[in-house]
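Presented below is the structure to which this report refers.
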Number of protein chains: 2
Amino acid sequence: MKRPNVTSVDVARLAGVSQSAVSRAFSKVPTQSSVSDETRKKILRAADELGYRPNALARSLITQRTRIVGVLFSYLDNPFYANALELICHGLQRQGYHALVFMMPDTLADVEATVSDILQYQVDGLITASVELSSKLCEDCREQGIPVVMLNRVQDNPLLSSVTTDNVGGGRLAAGALVSAGCKRIGLIAGWEGASTSRDREFGFTAELAARGIELFSRAVGHFDLVRTEEATREMFDRPAAARPDGVFVVNDYMAVRAMDVMRFGLGLRIPQDVSVVGFDDTAMADLPTYALTTVRQPVRQMVDSALRLLFERLNQTGVEPEHVILGARLMERESVRNRTP
Amino acid sequence: MKRPNVTSVDVARLAGVSQSAVSRAFSKVPTQSSVSDETRKKILRAADELGYRPNALARSLITQRTRIVGVLFSYLDNPFYANALELICHGLQRQGYHALVFMMPDTLADVEATVSDILQYQVDGLITASVELSSKLCEDCREQGIPVVMLNRVQDNPLLSSVTTDNVGGGRLAAGALVSAGCKRIGLIAGWEGASTSRDREFGFTAELAARGIELFSRAVGHFDLVRTEEATREMFDRPAAARPDGVFVVNDYMAVRAMDVMRFGLGLRIPQDVSVVGFDDTAMADLPTYALTTVRQPVRQMVDSALRLLFERLNQTGVEPEHVILGARLMERESVRNRTP
DNA sequence: AATGAGACAGCATACGTATGCGTAAAATGA
DNA sequence: TCATTTTACGCATACGTATGCTGTCTCATT
């Protein structure tokens, strides 16, 4: 139950070689003076006998690389993010990296502390999802030479790389879908207004409406939160037919599904006969036949792949410029938007 | 862009003190010889000026504690696990610990490699969810003195602690719900048969049926996988009324919701008029009015709290015996089970 | 046979911090 | 004022590994 912690020195002693030999025998990339096959065998046998396992911390202390990547998420309720996290972990593991995962604490002071914690562990890089960093934190990362890749959020700091879907374009698609369906009174339920995703989608949405000569009929804010989404939905739809939208864009599926439930079961509205609904993300829920939510697709796999590519590029060579990847959005048409009735 | 990596020695030089003083100034728990308030101020000022951040790796190398906990999950598709992971991360952070998260790779050989990886990073403890460990791995953990807590899975190895819901009792509740509703032909859709959760729930379910003099009408296996669940559901329900169940227990909500969709939209069955459905977990999805799934509740929060408690107890004192916590299951009655028609 | 190249192994040091021990100064008590 | 305790700080070493350098031995080349 103790921790006898067998070290490379122990292995060396048993194998009758020097500690350096052991180190080299376990080194994946033999640099200069290597080790003969015979002694390597001997060493590996000794190591196996003792149950030796190299200490990654001690190694990192010397090599200055931990092969640990900090991963900072705000929450996992939204399956889009759970999905992304799973893909990120798998991707990192595949490359021999490891994910030190943090969930965003509530207060902003704690955020600083959290990121500071991450940095103390000498992570090689940082991936954030749905999180913004204060400029002080950005500066800290820059000083430590830690590349940062943001998923699903952009920020004007020139240090940060990012991967997003074309949120503005996606917003346009959503508007197009509702207008084409013949909706006249068009509403919008936003997320948290501080989030670039929410803002950009809203911008694209209203821009497209304007381009088609239509004005936004009503607007509410769901804050990416289910309870507040319910309230927002009630506020917007608990009215006589002429006073409520006949089409609504909810800026992500997570909220959209909840909004649909409120409309159907709380207010007795039919979808899409009374109200057409468009979401964003194309989460698994959108494809459930019960919802059949028409939505703007974010290509999660591609997003994660891109994020990892950006990160690895910056891990392997220093001084690579930040890059902003914007992936195309696609409209997934299902049954929550009514067909045009000519 | 380089990594000048300011160290405690640099701070010491600037502050005009020794490196030990710096170390002690940053030590949370002053052990013996402490540092005066005056010099501490001086040191902190110097540290701030240089942007010093203690190197957690070097510290861990000495203290033999990393404050890192390995977290091993098999997948996050099922929101139950996403939820659990979020809670675990928050709980660890709150105690100043950090989660090194791994997702289960596909092949078993990779599992060994993965856990080996985890151990190389000298984690203080290990939490697994919905994962079993080979006896070799258990042995490795024991040798390193690493406490292991399994969430939602039990295993007969005497080293491991575990936290589960009373799956047998939960299975009984499910059976009771269907029988009380007057179901006569009762079916079961299992998960992956190697999983203790699935086996225990099934055992409790059939035991309760037997106790009430009822025999299982039909059985299929969903493997905790959506596609295979669809197939299983079709196989079981795509038959004339008398040849299919009028009540079914699906061993988790994740599969249950999918099964409901297949029944309703693929086969035109009404729930609960044609078929009553009971799930397990009480995921957020079960409470969606669209599904209103009667289900057996697993108290995720309590489960995570217990798991963390078990872990921390074993981190702080050595030699604590393994413990198995079994939390009570509760039936959440909604509308997917029909009322008894007397 | 002499020389050069190459392959292998060991020595020593560095990575950045924590901590036991020794000592000088300051505080305390009589 | 002196003896004694307390406080504050520095010295030196340890944690476990990687790696440049040096030295030895083998083998092929001329």
Side-chain angles (χ1 to χ4, degrees), chain A residues 2-44 46-47 50-67 119-124 144, chain B residues 2-44 46-47 50-67 119-124 144:
Chain A
K2 294 292 176 55
R3 191 187 287 231
N5 244 4
V6 32
T7 77
S8 60
V9 177
D10 301 326
V11 177
R13 197 177 309 135
L14 177 60
V17 298
S18 72
Q19 181 268 330
S20 336
V22 177
S23 169
R24 285 194 249 264
F26 275 86
S27 167
K28 310 291 170 189
V29 202
T31 45
Q32 300 201 8
S33 55
S34 84
V35 64
S36 75
D37 275 356
E38 191 186 355
T39 48
R40 161 173 283 125
K41 291 254 165 61
K42 200 165 48 177
I43 291 173
L44 290 182
L50 294 178
Y52 169 68
R53 207 184 306 275
N55 185 327
L57 268 50
R59 185 208 309 268
S60 297
L61 192 54
I62 293 195
T63 59
Q64 305 280 38
R65 310 189 86 218
T66 54
R67 300 189 80 82
L119 295 183
Q120 291 195 5
Y121 278 91
Q122 314 297 111
V123 296
D124 289 342
Q144 296 230 3
Chain B
K2 294 293 179 55
R3 190 186 287 228
N5 244 5
V6 31
T7 78
S8 59
V9 177
D10 301 326
V11 177
R13 197 177 308 134
L14 176 60
V17 298
S18 73
Q19 180 269 330
S20 339
V22 178
S23 169
R24 285 193 249 265
F26 275 87
S27 166
K28 310 290 170 189
V29 201
T31 45
Q32 302 199 6
S33 51
S34 80
V35 64
S36 76
D37 274 356
E38 190 186 355
T39 48
R40 162 173 283 125
K41 291 254 165 60
K42 199 165 49 178
I43 291 174
L44 291 183
L50 294 178
Y52 169 68
R53 206 184 307 275
N55 185 327
L57 269 49
R59 185 207 312 266
S60 297
L61 192 55
I62 293 194
T63 59
Q64 305 279 39
R65 309 189 89 218
T66 53
R67 301 189 79 82
L119 295 182
Q120 292 195 6
Y121 277 91
Q122 315 296 112
V123 295
D124 289 342
Q144 296 231 3

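Just so it is clear, the values below take in all heavy atoms, side chains as well, and ignore hydrogens, waters and symmetry mates. Letters A, B, ... mirror the listed sequences (proteins, then strands); counts begin at 1. Quick caveat: nothing in here was measured; it's all calculated off a predicted structure.
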base_contact_polar (C:dC15 base, A:T63 side chain, donor-acceptor, <3.5 Å):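 Answer is no: no donor-acceptor pair is held.
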
Provide, to the nearest angstrom, the distance between the [atom1] atom belonging to [X] and the [atom2] atom belonging to [N].
X: A:R65; N: C:dC15; atom1: CZ; atom2: P; value: 18 Å
X: A:I62; N: D:dG16; atom1: CD1; atom2: P; value: 13 Å
X: B:I43; N: D:dA8; atom1: CD1; atom2: P; value: 12 Å

Is any side-chain nitrogen or oxygen of [X] closer than 4.0 Å to OP1 or OP2 of [N]?
X: B:Q19; N: D:dA12; answer: no
X: A:S18; N: C:dG10; answer: yes
X: A:N5; N: D:dG16; answer: yes

Given C:dA9, D:dT17, C:dG10, the nucleotide with the shortest approach to the side chain of A:V35: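 Selected nucleotide (nearest to the side chain): C:dA9.
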
Residue B:S23, side-chain atoms from C-beta onward, closest of D:dG16, C:dA18, C:dA12: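 Nearest to the side-chain atoms of B:S23, counting from C-beta on, is C:dA18.
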
Close side-chain approach of [X] and [Y], heavy atoms under 4.5 Å:
X: A:L61; Y: A:Q122; answer: no
X: B:Y121; Y: A:L57; answer: yes
X: B:N5; Y: A:Q64; answer: yes
X: B:N55; Y: A:Q120; answer: no

Set of salt bridge (Lys or Arg N to Asp or Glu O under 4.0 Å) partners for B:R67, sequence neighbours left out: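 Expected list: none.
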
Could you tell me whether [X] contacts a base, only the sugar-phosphate backbone, or nothing, with contacts defined as non-hydrogen atoms closer than 4.0 Å?
X: B:T39; answer: sugar-phosphate
X: A:V17; answer: sugar-phosphate
X: A:S36; answer: sugar-phosphate

DNA chain C contacts among residues 51-59 of chain A, heavy-atom distance under 4.0 Å: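 Within residues 51-59 of chain A, no residue comes under 4.0 Å of DNA chain C.
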
Polar side chain donor-acceptor pair, A:S36 to A:T39, under 3.5 angstrom: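 Short answer, yes.
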
Under 3.5 Å: donor-acceptor pair, side chain of B:S60, backbone of B:R65: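 Yes; at least one donor-acceptor contact below 3.5 Å.
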
